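We count residues from 1, following the sequence as given. Worth saying up front: this structure is predicted, and the values here are computed from it rather than measured.
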Amino acid sequence: MDRIAGRFTRVSPRRRIRRLLLGLLSDLPRKNCWTIAEWAGEATPDGMQHLLNRAKWDADAVRDDLRDYVVEHLHDDQAVLVVDETGAVKKGSHTVGVQRQYTGTAGRDENPQVAVYLVSSPPSAPTNTPAWPPGTS
């Protein structure tokens, strides 16, 4: 937290971002502003939502701080970044990000929640997809 604390000029957002991040890293079965606020001892999700939607902080600088942290701790000159976009089919329509669209997971139009994963992989790991851009393998 010391790395990003300076990105929040006031103490209250600094404390709240800490609780938000700890909530995201917790074993909560569902993670949203309501559940994380309750887990953090807050009566409502208003503070978490304010932090994410209206509070003044430099999201680009926090992203850069996170990138620097990852490079410092997970750097490997031989590693390959793997991007995986996948759709998890949902039965209801109340999950954030769900809309009717094609998903390869089901092979047809469904109500999926699409997620993009970025994973660092050793170069020896087998892959079955071509390198991008084409011709760079």
So which heavy atom on [X] is nearest to which on [Y], and how close?
X: A5; Y: R14; value: O-NE, 3.2 Å
X: K31; Y: G23; value: CE-O, 3.8 Å
X: P45; Y: A37; value: CA-CB, 3.8 Å

Qualifying salt bridge (charged side-chain N to carboxylate O under 4.0 Å, His left out) pairs, either residue in residues 104-124, two or more places apart = R108-E110
Sequence neighbours excluded, every pair satisfying salt bridge (charged side-chain N to carboxylate O under 4.0 Å, His left out) that has a member inside residues 50-59 =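 For residues 50-59: none.
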Starting from I36, walk the hydrophobic network (Ile, Leu, Val, Met, Phe, Trp, Tyr; side-chain heavy atoms closer than 4.5 Å) and list everyone else you reach, by chain and number.
-> M1, I4, F8, I17, L20, L21, L22, L24, L28, W39, M48, L51, L52, W57, V62
Quick one: name the residues clustered hydrophobically with V89, using the 4.5 Å side-chain heavy-atom rule over I, L, V, M, F, W, Y, and just say none if it's on its own.
->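 Same cluster as V89: nobody, lone residue.
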Sequence neighbours excluded, which residues qualify as side-chain hydrogen bond (donor to acceptor under 3.5 Å, both in side chains) partners of [X]?
X: R63; result: D60
X: T86; result: none
X: D27; result: none
X: R10; result: S12

Note, E42 side chain near R19 side chain (heavy atom, < 4.5 Å) | yes
Determine whether L74 and L66 fall in the same hydrophobic cluster, where Ile, Leu, Val, Met, Phe, Trp and Tyr are linked whenever their side-chain heavy atoms lie under 4.5 Å apart.
->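 Linked, L74 and L66 end up in one cluster.
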Which residues share a salt bridge (charged side-chain N to carboxylate O under 4.0 Å, His left out) with E72, sequence neighbours left out |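 Residues passing salt bridge (charged side-chain N to carboxylate O under 4.0 Å, His left out) with E72: R3.
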Residue list, ring pair (Phe, Tyr, Trp, His ring centres under 6.0 Å) with Y102, at least two apart or on another chain | none
What pairs with H73 under ring pair (Phe, Tyr, Trp, His ring centres under 6.0 Å), at least two apart in sequence or on another chain?
-> Y69
Residue list, side chain to side chain contact (heavy atoms under 4.5 Å, CB included) with L25, at least two apart or on another chain =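 None.
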Once you round to the nearest 0.5 Å, how far does CD of E38 lie from OG1 of T44?
->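 The CD atom of E38 sits 10.0 Å away from the OG1 atom of T44.
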